[in-house]
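The model shown is predicted, which means the values in this text are computed figures rather than measured ones. Computation of the quantities below employed the complete heavy-atom set of this structure, encompassing side-chain atoms and omitting hydrogens, waters and symmetry-equivalent molecules. We're numbering straight along the sequence, starting at 1.
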Amino acid sequence: SGYPPACLAGAELALHGLLTAMVDRGHAATVYASRAAPGEYDGVTVVGAASFADVARLYRAADVVLTHLTATRQACGLARVHRKPLVFWAHFHDQVRVYRVGDRDAKLVLFNADWVRAATRWRGPSLVLHPPIDGDRYRVARPEEGAVTLVNLSREKGSDPIYALAERMPDDRILGV
(Lines give C-alpha, C1' and ligand atoms only; values in the text may rest on other atoms or scores of the structure.)
Protein backbone atom coordinates (compact mmCIF):
# COMPACT_ATOMS: atom_id res chain seq x y z
CA SER A 1 0.00 0.00 0.00
CA GLY A 2 1.13 3.54 -0.71
CA TYR A 3 0.97 6.93 0.93
CA PRO A 4 1.60 10.53 -0.15
CA PRO A 5 3.62 12.12 -1.54
CA ALA A 6 4.48 9.10 -3.71
CA CYS A 7 0.88 7.88 -3.98
CA LEU A 8 -1.66 10.64 -4.58
CA ALA A 9 -4.84 8.62 -5.11
CA GLY A 10 -8.12 9.62 -3.46
CA ALA A 11 -8.22 7.23 -0.48
CA GLU A 12 -4.58 7.92 0.33
CA LEU A 13 -5.16 11.69 0.18
CA ALA A 14 -8.27 11.32 2.35
CA LEU A 15 -6.27 9.39 4.92
CA HIS A 16 -3.52 11.99 4.84
CA GLY A 17 -6.10 14.76 5.31
CA LEU A 18 -7.48 12.99 8.38
CA LEU A 19 -4.05 12.32 9.87
CA THR A 20 -2.76 15.86 9.32
CA ALA A 21 -5.94 17.22 10.96
CA MET A 22 -5.21 14.96 13.94
CA VAL A 23 -1.58 16.10 14.07
CA ASP A 24 -2.77 19.73 13.95
CA ARG A 25 -4.84 18.96 17.06
CA GLY A 26 -1.85 17.58 18.99
CA HIS A 27 -2.03 13.85 18.23
CA ALA A 28 0.87 11.79 16.92
CA ALA A 29 0.21 9.89 13.69
CA THR A 30 2.37 7.13 12.24
CA VAL A 31 1.59 5.41 8.95
CA TYR A 32 2.91 2.02 7.98
CA ALA A 33 2.62 1.62 4.23
CA SER A 34 4.78 -1.03 2.61
CA ARG A 35 5.27 0.94 -0.63
CA ALA A 36 5.78 4.35 0.97
CA ALA A 37 8.94 6.38 1.25
CA PRO A 38 9.96 6.56 4.91
CA GLY A 39 10.24 9.94 6.60
CA GLU A 40 7.87 12.66 7.67
CA TYR A 41 5.21 14.25 5.50
CA ASP A 42 3.22 17.22 6.83
CA GLY A 43 3.84 16.09 10.42
CA VAL A 44 2.85 12.47 9.81
CA THR A 45 5.59 9.88 10.42
CA VAL A 46 5.72 7.47 7.48
CA VAL A 47 7.25 4.01 7.82
CA GLY A 48 7.87 2.15 4.59
CA ALA A 49 8.80 -1.50 4.11
CA ALA A 50 9.68 -2.84 7.55
CA SER A 51 10.62 -6.09 9.22
CA PHE A 52 7.99 -8.05 11.11
CA ALA A 53 9.65 -7.00 14.37
CA ASP A 54 9.44 -3.32 13.39
CA VAL A 55 5.77 -3.65 12.44
CA ALA A 56 5.06 -5.41 15.75
CA ARG A 57 6.75 -2.49 17.58
CA LEU A 58 4.50 -0.03 15.75
CA TYR A 59 1.40 -1.96 16.81
CA ARG A 60 2.54 -2.20 20.43
CA ALA A 61 3.09 1.58 20.52
CA ALA A 62 -0.29 2.42 18.98
CA ASP A 63 -3.36 3.48 20.93
CA VAL A 64 -5.66 2.81 17.96
CA VAL A 65 -5.09 1.14 14.60
CA LEU A 66 -6.78 2.78 11.60
CA THR A 67 -6.79 0.74 8.41
CA HIS A 68 -8.22 0.81 4.91
CA LEU A 69 -7.71 -0.77 1.51
CA THR A 70 -5.37 -3.72 0.92
CA ALA A 71 -3.65 -3.64 4.32
CA THR A 72 -6.92 -4.41 6.12
CA ARG A 73 -6.64 -8.18 6.70
CA GLN A 74 -3.07 -7.88 7.99
CA ALA A 75 -4.06 -4.95 10.22
CA CYS A 76 -7.05 -6.86 11.63
CA GLY A 77 -4.83 -9.79 12.60
CA LEU A 78 -2.06 -7.67 14.09
CA ALA A 79 -4.49 -5.46 16.01
CA ARG A 80 -6.08 -8.58 17.50
CA VAL A 81 -2.68 -10.06 18.46
CA HIS A 82 -1.56 -6.79 20.07
CA ARG A 83 -5.00 -6.12 21.61
CA LYS A 84 -5.44 -2.76 19.95
CA PRO A 85 -8.81 -1.35 18.92
CA LEU A 86 -9.15 -1.24 15.15
CA VAL A 87 -11.03 1.33 13.10
CA PHE A 88 -11.75 0.48 9.45
CA TRP A 89 -12.34 3.25 6.92
CA ALA A 90 -14.63 2.21 4.06
CA HIS A 91 -14.32 4.36 0.95
CA PHE A 92 -16.92 2.46 -1.10
CA HIS A 93 -19.96 0.35 -0.35
CA ASP A 94 -18.50 -3.12 -0.79
CA GLN A 95 -15.26 -2.79 1.19
CA VAL A 96 -16.53 -4.32 4.44
CA ARG A 97 -17.40 -7.49 2.49
CA VAL A 98 -14.37 -7.45 0.19
CA TYR A 99 -11.91 -7.13 3.09
CA ARG A 100 -13.98 -9.47 5.30
CA VAL A 101 -14.24 -6.99 8.17
CA GLY A 102 -16.32 -8.42 10.98
CA ASP A 103 -17.42 -7.15 14.35
CA ARG A 104 -14.61 -9.21 15.88
CA ASP A 105 -12.17 -7.13 13.82
CA ALA A 106 -13.38 -3.54 13.95
CA LYS A 107 -14.54 -1.59 16.96
CA LEU A 108 -15.72 1.14 14.59
CA VAL A 109 -16.25 1.48 10.85
CA LEU A 110 -15.91 4.90 9.27
CA PHE A 111 -17.77 5.52 6.01
CA ASN A 112 -16.77 8.41 3.76
CA ALA A 113 -20.36 9.16 2.69
CA ASP A 114 -23.92 8.57 3.85
CA TRP A 115 -24.74 6.48 0.77
CA VAL A 116 -21.74 4.20 1.43
CA ARG A 117 -22.96 3.59 4.97
CA ALA A 118 -26.53 2.95 3.80
CA ALA A 119 -25.40 0.50 1.11
CA THR A 120 -23.24 -1.55 3.50
CA ARG A 121 -24.44 -4.42 5.65
CA TRP A 122 -22.47 -3.35 8.71
CA ARG A 123 -24.45 -3.57 11.95
CA GLY A 124 -21.74 -2.51 14.39
CA PRO A 125 -20.73 0.98 15.53
CA SER A 126 -20.15 3.36 12.63
CA LEU A 127 -19.77 7.01 11.72
CA VAL A 128 -19.79 8.95 8.48
CA LEU A 129 -16.53 10.85 8.24
CA HIS A 130 -16.21 13.29 5.38
CA PRO A 131 -12.46 13.65 4.89
CA PRO A 132 -11.16 17.01 6.10
CA ILE A 133 -9.97 19.03 3.13
CA ASP A 134 -7.62 21.98 3.30
CA GLY A 135 -8.96 24.08 0.41
CA ASP A 136 -5.84 26.24 0.26
CA ARG A 137 -3.76 23.15 -0.49
CA TYR A 138 -5.72 22.51 -3.70
CA ARG A 139 -6.56 26.05 -4.76
CA VAL A 140 -5.22 27.06 -8.17
CA ALA A 141 -4.14 30.59 -9.00
CA ARG A 142 -5.99 30.69 -12.33
CA PRO A 143 -8.51 27.95 -13.02
CA GLU A 144 -8.65 26.83 -16.63
CA GLU A 145 -12.15 27.42 -17.97
CA GLY A 146 -13.32 25.10 -20.71
CA ALA A 147 -10.60 22.53 -20.12
CA VAL A 148 -11.14 18.78 -20.14
CA THR A 149 -10.24 17.96 -16.55
CA LEU A 150 -9.29 14.86 -14.61
CA VAL A 151 -8.83 15.14 -10.87
CA ASN A 152 -6.42 12.55 -9.49
CA LEU A 153 -3.95 11.56 -12.17
CA SER A 154 -3.31 8.02 -11.01
CA ARG A 155 -3.47 5.04 -13.34
CA GLU A 156 -6.01 3.38 -11.01
CA LYS A 157 -8.36 6.35 -11.44
CA GLY A 158 -8.14 6.45 -15.21
CA SER A 159 -5.16 8.60 -16.19
CA ASP A 160 -4.40 6.55 -19.34
CA PRO A 161 -7.50 7.80 -21.24
CA ILE A 162 -6.76 11.45 -20.40
CA TYR A 163 -3.22 11.11 -21.75
CA ALA A 164 -4.56 9.42 -24.90
CA LEU A 165 -7.15 12.20 -25.25
CA ALA A 166 -4.44 14.85 -24.95
CA GLU A 167 -2.47 13.19 -27.75
CA ARG A 168 -5.54 13.02 -30.01
CA MET A 169 -6.70 16.57 -29.23
CA PRO A 170 -3.52 18.70 -29.30
CA ASP A 171 -5.47 21.96 -29.82
CA ASP A 172 -7.74 21.44 -26.81
CA ARG A 173 -6.90 22.30 -23.23
CA ILE A 174 -6.45 19.31 -20.96
CA LEU A 175 -6.07 19.88 -17.23
CA GLY A 176 -4.81 17.17 -14.88
CA VAL A 177 -5.03 17.92 -11.18
*Check whether any side-chain heavy atom of Arg97 sits under 4.5 Å from a side-chain heavy atom of Arg121, and report yes or no.*
no
_So which atom in Gly17 and which in Pro132 form the shortest heavy-atom distance, rounded to 0.1 Å?_
O-CG, 3.6 Å
*If you measure from OH on Tyr32 to CG on Asp54, what distance do you get to the nearest 0.5 Å?*
9.5 Å
*Derivation and outcome, side chain to side chain contact (heavy atoms under 4.5 Å, CB included), residues Leu110 and Ser126*: CA-CA 6 Å; Leu110 301 175; Ser126 66; over 6 Å; no
*Which heavy atom of Phe88 sits nearest a heavy atom of Ala106, and at what distance?*
CB-CB, 4.4 Å
*When Tyr3 is tested against each of His16, Arg35, Glu12 for side-chain hydrogen bond (donor to acceptor under 3.5 Å, both in side chains), which residue passes?*
His16
*Shortest non-hydrogen contact from Phe92 to Gln95?*
CE2-CG, 3.0 Å
*Should the pair Asp114-Arg117 be classified as a salt bridge under the 4.0 Å nitrogen-to-oxygen rule?*
no
*So which heavy atom on Ala37 is nearest to which on Val46, and how close?*
O-CG1, 3.4 Å
_Interatomic spacing from CG in Leu19 to OG1 in Thr30 - rounded to 0.5 Å_ = 9.0 Å
*Hphob cluster co-occupancy, Val87 + Val128, side-chain heavy atoms under 4.5 angstrom*: no
*Quick one: does Arg25's side chain have a donor or acceptor within less than 3.5 Å of a partner on Ala21's backbone?*
yes
_Heavy-atom check, side chain of Leu58 versus side chain of Val47, under 4.5 Å_ = yes
*asked:* Quick one, Phe52 and Leu78 - any side-chain contact, counting heavy atoms below 4.5 Å?
replied: yes
*Approximate separation, where rounding is to 0.5 Å, of His130 NE2 and Phe111 CZ*: 12.5 Å
*Do you know which two heavy atoms are closest between Tyr59 and Ala79, and how far apart they sit?*
CE2-N, 3.7 Å
*asked:* Quick test of your reading of the model: are Arg100 and Asp105 salt-bridged, counting only N-O distances below 4.0 Å?
replied: no
_Side-chain donor/acceptor of Thr20 to backbone N/O of Asp42, under 3.5 Å_ = no
*Do Pro4 and Leu13 touch side chain to side chain, with heavy atoms closer than 4.5 Å?*
yes
*Non-hydrogen side-chain atoms of Asp103 and Trp122 separated by less than 4.5 Å*: yes
*Determine yes or no for a side-chain-to-main-chain donor-acceptor pair under 3.5 angstrom, with Lys84 supplying the side chain and Asp63 the backbone.*
no
_Is there a continuous path of hydrophobic side-chain contacts, each under 4.5 Å between heavy atoms, that joins Val98 to Trp115?_
yes
*Closest approach of Ala90 to Val116 (non-hydrogen atoms, all atoms of both residues)*: O-CG1, 4.2 Å
_Quick check: do Leu15 and His68 have side-chain heavy atoms less than 4.5 Å from each other?_
yes
*So do the side chains of Val96 and Asp94 get within less than 4.5 Å of each other, counting heavy atoms only?*
no
*Pick one: which of Leu69, Leu129, Thr67, Val109 meets side chain to side chain contact (heavy atoms under 4.5 Å, CB included) with Trp89?*
Leu129
*Step by step, work out the side chain to side chain contact (heavy atoms under 4.5 Å, CB included) result for Leu127 and Leu108.*
CA-CA 8 Å; Leu127 295 170; Leu108 176 69; 4.2 Å; yes
*Should Val101 and Thr72 be marked as a side chain to side chain contact (heavy atoms under 4.5 Å, CB included) after you check the CA-CA gap, both sets of side-chain angles, and the distance that decides it?*
CA-CA 8 Å; Val101 176; Thr72 297; 3.7 Å; yes
*Does Thr45 reach the side chain of Val31, with side-chain heavy atoms less than 4.5 Å apart?*
no
*For the pair Arg73 (side chain) and Tyr99 (backbone), establish whether a donor and an acceptor sit closer than 3.5 Å, ignoring hydrogens and angles.*
yes
